[in-house]
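A note on names: the letters A, B, ... follow the listed sequences, proteins ahead of strands, and every chain is numbered from 1.
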There are 2 protein chains.
Amino acid sequence: MTTAPAAGSRDLPHPARDEIRLEAVLHALSDPVRLRIVQELAADRDELACSQFELPVTKSTTTHHFRVLRESGVIRQCYRGTAKMNGLRREDLDALFPGLLDCLLAAAGRQAARLGD
Amino acid sequence: MTTAPAAGSRDLPHPARDEIRLEAVLHALSDPVRLRIVQELAADRDELACSQFELPVTKSTTTHHFRVLRESGVIRQCYRGTAKMNGLRREDLDALFPGLLDCLLAAAGRQAARLGD
DNA sequence: CGCTTCGTACGATATCCATCGTAGTACGGC
DNA sequence: GCCGTACTACGATGGATATCGTACGAAGCG
């Protein structure tokens with residue numbers, strides 16, 4: 001019910017809000033590839049397809065990283081045609097851990113600026 | 001030079017402030033045992049000896065977790081007599097990632113309260 | 001000097017995990 | 001129906017890592 005079965009059909013398992021664990025979120029964000037995905041997702045406020053990311057790994061690995069992010073509760077995924085759309089679960093994360101997402105994004109941005117972009 | 005070689009003798013390698021990486025910090029905190037250590041360390045504002053923690057692992061494993069925390073830049077360690085003292089690197093973390101530590105601690109506290117303490 | 005306490009080092013182990021390649025499925029357009 | 005695009009599933013692999021036990025080192029106390 002979280003995602004109305006309007007267009008899609010293949011549905012993806014997401015943790016409910018109260019199943020999201022801080023440790024899992026931190027683990028998900030401790031990988032450079034996944035942290036970058038989340039940064040891009042936060043910048044472009046809308047949903048993005050997996051294929052719109054330019055990542056230094058193969059597609060198999062990309063699938064893996066998106067799944068980790070979804071299963072930890074950081075992103076929401078749904079199919080739209082052949083594309084798989086990804087969106088940050090801002091509301092859920094803000095409700096569980098107020099301010100954390102913004103802090104993390106700011107920290108990531110600062111570090112990216114501090115090092116060679 | 002960060003730690004004056006006053007009393008101790010065995011010295012422990014710490015990353016300099018600008019060597020601390022967000023990914024490493026998040027990885028360090030994504031382990032339940034280490035997250036708990038950091039919470040206790042933040043509550044008791046002073047330095048604590050390794051032996052003052054009651055953790056559900058053996059001493060070998062405890063040593064391992066404290067080393068991960070130190071090498072990621074989250075804590076500072078030094079010997080005092082036979083004890084090894086641990087302190088949060090608040091200043092360094094706040095300088096690099098403003099507000100992040102407090103956000104994380106608040107999030108951890110909230111989650112602990114939400115679940116069965 | 002012996003004993004105790006605190007922590008380390010080292011090896012073993014089992015698990016997790018990031019990565020890849022190949023083969024396959026789902027959907028949309030022609 | 002057929003093809004291409006987008007993503008997945010599965011298996012393999014190599015590298016972390018969480019855990020332990022045992023043996024050792026360093027500091028203080030009697």
Query raised in the report: Is there a donor-acceptor contact under 3.5 Å from the side chain of A/Asn86 to the main chain of A/Leu48?
Result: yes
Separation between CD (A/Gln39) and CG (A/Asp44), nearest 0.5 Å, reads 13.0 Å
From CG of A/Leu69 across to P of C/dC17 the rounded distance in Å is 13 Å
Atom CZ of A/Arg67 and atom C1' of C/dC16 are separated, to the nearest Å, by 13 Å
By nearest-nucleotide position on DNA chain C, the 5'-leaning member of A/Thr62 and A/Thr82 is A/Thr62
B/Arg80 atom CZ is separated from C/dT5 atom C1', nearest whole Å, by 17 Å
Practice problem: Mind checking A/Ser60 for me? I need base, sugar-phosphate or nothing, with any heavy atom below 4.0 Å counting as a touch. | Solution: base
- prompt: Between A/Thr58 and C/dT19, does any side-chain N or O lie under 4.0 Å from OP1 or OP2?
  reply: no
Of D/dC20, C/dG7, C/dC20, the nucleotide closest to the side chain of A/Thr61 is C/dC20
Handout entry: Side-chain (B/His65) to main-chain (B/Thr63) donor-acceptor, under 3.5 angstrom
Key = no
Rounded to whole Å, NE2 of A/His65 lies from C1' of C/dC20 at a distance of 11 Å
Are side-chain heavy atoms of A/Leu29 and B/Leu22 found at a separation under 4.5 Å? no
Regarding the side chain of A/His27, the nearest nucleotide among D/dA6, C/dC17, C/dC20 is C/dC17
Taking C/dC6, D/dC7, C/dC20 as options, the one with an atom nearest any side-chain atom of A/Ala83 is D/dC7
Which of D/dA6, C/dC20, C/dG7 is nearest the side chain of B/Thr63? It is C/dG7
request  = Output yes when a side-chain donor or acceptor of B/Arg89 lies under 3.5 Å from a complementary backbone atom of B/Ile75, and no otherwise.
outcome  = no
Here the distance between atom C1' of D/dG15 and atom NE2 of A/His64, to the nearest Å, is 13 Å
To the nearest angstrom, the NZ-P distance between A/Lys59 and C/dA23 comes to 15 Å
Separation of C/dG7 atom P from B/Asn86 atom CG, nearest Å, is 8 Å
Separation of C/dC6 atom P from B/Glu47 atom CD, nearest Å, is 18 Å
